[in-house]
Amino acid sequence: MGGRLTRAMRNFNLENRVHAEIGKQKPRIAPRHPNSKALMEQQLSNHPEIHEIHNKNEELLSFLKDVYVDSKDTPAKKLVTDKTSKQLQEYRPLKSTLNYDPFNIINVPKGKLSIAEALTVLNNHKLQPKIWTTDKIAEDYSLEPKDVKGLLEFFKPFEIKILPPKQNNKELLTAR
């Protein structure tokens with residue numbers, strides 16, 4: 001609702017405002033300081049080529065008219081769309097034996113893990129870290145070793161920390 005109102009206010013009497021703006025006289029150039037007038041005349045007398053800048057050079061214009069540019073650009077390569085990138089992507093079979101995957105995923109792209117596989121990898125590494133090393137996991141699941149290292153270091157869903165209950169400072173002081 002507010003957009004309609006602002007648009008109506010912005011477009012109100014637009015044509016008349018445009019004609020008024022176009023009809024205004026252009027601003028005049030600010031007058032030069034009287035002291036700089038003598039310096040300007042001195043520069044113009046010392047460098048007469050300054051006047052040539054404002055004159056048309058017919059020879060250069062004829063050169064410009066003789067120039068003809070014919071552009072023969074090679075056609076641009078088509079960008080890879082989502083469909084073609086999915087076709088080009090390599091898949092690997094699912095390694096997890098868990099059957100609770102809700103989407104029935106059969107193939108997983110190389111370099112990725114399904115949720116069931118990620119949980120299996122983390123559990124195997126936690127139970128047998130000497131057998132399930134980062135290199136073995138990376139090789140079995142077609143992953144980068146740095147990604148596996150990050151997964152094992154930062155993703156800890158099975159780690160439980162039990163914090164002891166807080167004791168009052170008064171009890172600690174009286175116990176001594």
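This is a predicted model, so every value here is computed, not measured.
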Output yes when a side-chain donor or acceptor of [X] lies under 3.5 Å from a complementary backbone atom of [Y], and no otherwise.
{"X": "T133", "Y": "K130", "value": "no"}
{"X": "R32", "Y": "M40", "value": "no"}
{"X": "H47", "Y": "E49", "value": "no"}

Check: Considering residues, nucleotides and ligands other than Q25, do more than 12 of their heavy atoms fall under 6.0 Å from its CD?
Finding: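 Result for CD/Q25: open.
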
Margin query: Taking the side chain as everything from C-beta on, heavy atoms only, tell me whether D140 gets closer than 4.5 Å to V121.
Written below: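 D140 vs V121: side chains apart.
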
Note to self: Could you tell me if the side chain of L119 sits less than 4.5 Å from the side chain of I115, heavy atoms only?
What the structure shows: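 I115 reaches L119 side chain to side chain.
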
Item checked: Smallest separation among heavy atoms of W132 and H125, with atom names ->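 Looking at all heavy atoms of both residues, the shortest contact is O-ND1, 2.8 Å.
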
Notebook entry, point to check: Taking all atoms of both residues into account, what is the closest heavy-atom pair of Q43 and I50, and its distance?
Noted result: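 Shortest heavy-atom contact: O-CD1, 4.4 Å.
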
With rounding to the nearest 0.5 angstrom, report the [atom1] to [atom2] distance, [X] to [Y].
{"X": "E117", "Y": "L143", "atom1": "CD", "atom2": "CG", "answer": "8.5 Å"}
{"X": "L113", "Y": "L151", "atom1": "CG", "atom2": "CG", "answer": "6.5 Å"}
{"X": "E58", "Y": "F63", "atom1": "CD", "atom2": "CZ", "answer": "12.0 Å"}
{"X": "K156", "Y": "K126", "atom1": "NZ", "atom2": "NZ", "answer": "7.5 Å"}
{"X": "K136", "Y": "N124", "atom1": "NZ", "atom2": "CG", "answer": "8.5 Å"}
{"X": "L14", "Y": "H19", "atom1": "CG", "atom2": "NE2", "answer": "9.5 Å"}

Check: Are L127 and I137 connected, step by step, through hydrophobic side chains (Ile, Leu, Val, Met, Phe, Trp, Tyr) whose heavy atoms are closer than 4.5 Å?
Finding: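 No, L127 does not connect to I137 through the hydrophobic network.
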
Notebook entry, point to check: Can you get from V148 to I131 by hopping between Ile, Leu, Val, Met, Phe, Trp and Tyr side chains that sit under 4.5 Å apart?
Noted result: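 Cluster IDs for V148 and I131 match.
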
